[in-house]
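So the structure is just underneath, and the comments pick up after that.
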Amino acid sequence: MPEDHDWEAYKVPPTRTPVVESTTSVPNPVTFVQTVLGYVIDAPVTFVREWIERQQAKNKSYYYHQKFRRVPDLSECLEGDYLCFFEAEAQWRRDRMVDQEIVEIVRERLGACKQREGPNHFQNCAKEMELLKQVTKAYQDRYGDLGFHGNARTCLMKQKHRMMEERKAAQAKES
């Protein structure tokens with residue numbers, strides 16, 4: 001901007017704009033209600049929330065890394081110990097969900113490899129295919145033929161019967 005600017009063309013606004021204050025003898029009811037609500041409702045809620053946030057900051061916990069303690073297997077429970085039966089059943093259900101997710105993740109990896117490799121997926125995705133075969137075989141050995149309503153007891157019986165068949169087969173092979 002040039003130094004010799006025209007003051008008439010560019011008028012400078014006044015430095016202070018006067019504020020119109022309307023003073024009455026009656027206080028504004030809106031400000032009174034806002035103040036009362038601020039002290040009655042907002043202040044206690046804000047205090048409680050800040051106190052809770054301070055407590056949570058002291059005891060930080062991460063739920064996405066929650067680790068459950070391993071409970072005894074159903075075979076280790078004493079007869080009539082229903083709490084142990086319940087805990088073993090809950091542990092079995094968690095293990096089954098984890099195994100289902102493992103199978104699903106390996107299946108998704110194989111699908112992604114097939115998509116990425118195209119027609120060469122037979123040779124380039126052989127490792128993923130072998131891993132999927134192993135994982136599905138392990139899942140089928142443990143949980144197969146149990147159905148939707150399978151539980152820890154039927155799974156344990158299935159494993160027991162499979163072990164007995166393997167022993168019989170090993171004894172027949174030796175003889």
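All values below were derived from every heavy atom in this structure, side-chain atoms included, with hydrogens, water molecules and symmetry-related copies excluded. Positions are given from 1, in the same order as the sequence printed here.
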> Rest of the hydrophobic cluster containing Ile102 (Ile/Leu/Val/Met/Phe/Trp/Tyr, side-chain heavy atoms under 4.5 Å)?
Replying inline: Trp92, Val98, Val103, Val106, Leu110, Phe122, Met129, Leu131, Leu132, Val135, Tyr139, Tyr143, Leu146
>> Using every non-hydrogen atom in the two residues, find where Cys125 and Lys114 come nearest and quote the distance to one decimal.
In response: SG-N, 3.8 Å
> Hydrophobic cluster mates of Met157, side-chain heavy atoms under 4.5 angstrom, ILVMFWY only, any path?
Replying inline: Leu74, Tyr82, Phe85, Leu156
> Do Asn151 and Thr154 have side-chain atoms, one donor and one acceptor, less than 3.5 Å apart?
Replying inline: yes
> Can you tell me how far OG1 of Thr35 sits from CG of Asp42, rounded to the nearest 0.5 angstrom?
Replying inline: 11.5 Å
> Taking only residues two or more places apart in sequence or in another chain, which ones pass side-chain hydrogen bond (donor to acceptor under 3.5 Å, both in side chains) with Gln134?
Replying inline: none
>> Just to verify, what does Glu53 make a salt bridge (charged side-chain N to carboxylate O under 4.0 Å, His left out) with, not counting sequence neighbours?
In response: Arg49
> Taking everything shown except Arg109 itself, do over 12 heavy atoms lie less than 6.0 Å from its CZ?
Replying inline: no
> In Å and rounded to the nearest 0.5 Å, what is the CD to SG distance from Glu89 to Cys84?
Replying inline: 11.5 Å
>> Tell me every residue that passes salt bridge (charged side-chain N to carboxylate O under 4.0 Å, His left out) with Arg70, counting only those two or more places apart in sequence or in another chain.
In response: Asp95
>> Clusters formed by hydrophobic residues whose side-chain heavy atoms approach within less than 4.5 Å: which one holds Phe148, and what are its other members?
In response: none
>> For Met163, is there any backbone N or O sitting under 3.5 Å from a side-chain donor or acceptor partner on Lys168?
In response: no
> Hey, are Arg94 and Gln91 close enough side-chain-wise for a donor-acceptor pair under 3.5 Å?
Replying inline: yes
> Shortest non-hydrogen contact from Ala88 to Ala152?
Replying inline: O-CB, 4.3 Å
>> Tell me the closest heavy-atom pair linking Arg93 and Gly150, and the distance in Å.
In response: NH1-O, 4.0 Å
> Above 12 or not: heavy atoms from other molecules or residues under 6.0 Å from CD of Gln55?
Replying inline: yes
>> List the residues meeting disulfide (SG to SG under 2.5 Å) with Cys155, not counting sequence neighbours, and say none if there are none.
In response: none
>> Side-chain heavy atoms under 4.5 Å apart, restricted to Ile/Leu/Val/Met/Phe/Trp/Tyr: what other residues fall into the cluster of Ile41, or is it alone?
In response: Phe32, Val33, Val36, Leu37, Val40
> Excluding sequence neighbours, so at least two apart, what forms side-chain hydrogen bond (donor to acceptor under 3.5 Å, both in side chains) with Arg107?
Replying inline: Glu104
>> Checking the side chain of His161 only, and the main-chain atoms of Lys158 only, is there a donor and an acceptor separated by less than 3.5 Å?
In response: no
> For Thr136, which residues count as a side-chain hydrogen bond (donor to acceptor under 3.5 Å, both in side chains) partner, sequence neighbours excluded?
Replying inline: none
>> Once salt bridge (charged side-chain N to carboxylate O under 4.0 Å, His left out) is applied, do any residues pair with Arg142, and if so which ones, sequence neighbours excluded?
In response: Asp99
>> For a side-chain contact (heavy atoms from CB on, under 4.5 Å) check, start with the C-alpha distance between Met164 and Lys160, then their side-chain angles and the critical distance, and finish with the verdict.
In response: CA-CA 6 Å; Met164 290 172 60; Lys160 181 189 80 166; 4.1 Å; yes
> Does Arg153 have any salt bridge (charged side-chain N to carboxylate O under 4.0 Å, His left out) partners at least two apart in sequence or in another chain, and if so, which?
Replying inline: none
>> Let's go through Asn124 and Arg116 carefully: what are the C-alpha distance in whole Å and the side-chain angles of both, what is the deciding distance for side-chain contact (heavy atoms from CB on, under 4.5 Å) to 0.1 Å, and is it a yes or a no?
In response: CA-CA 10 Å; Asn124 294 343; Arg116 182 179 61 244; over 6 Å; no
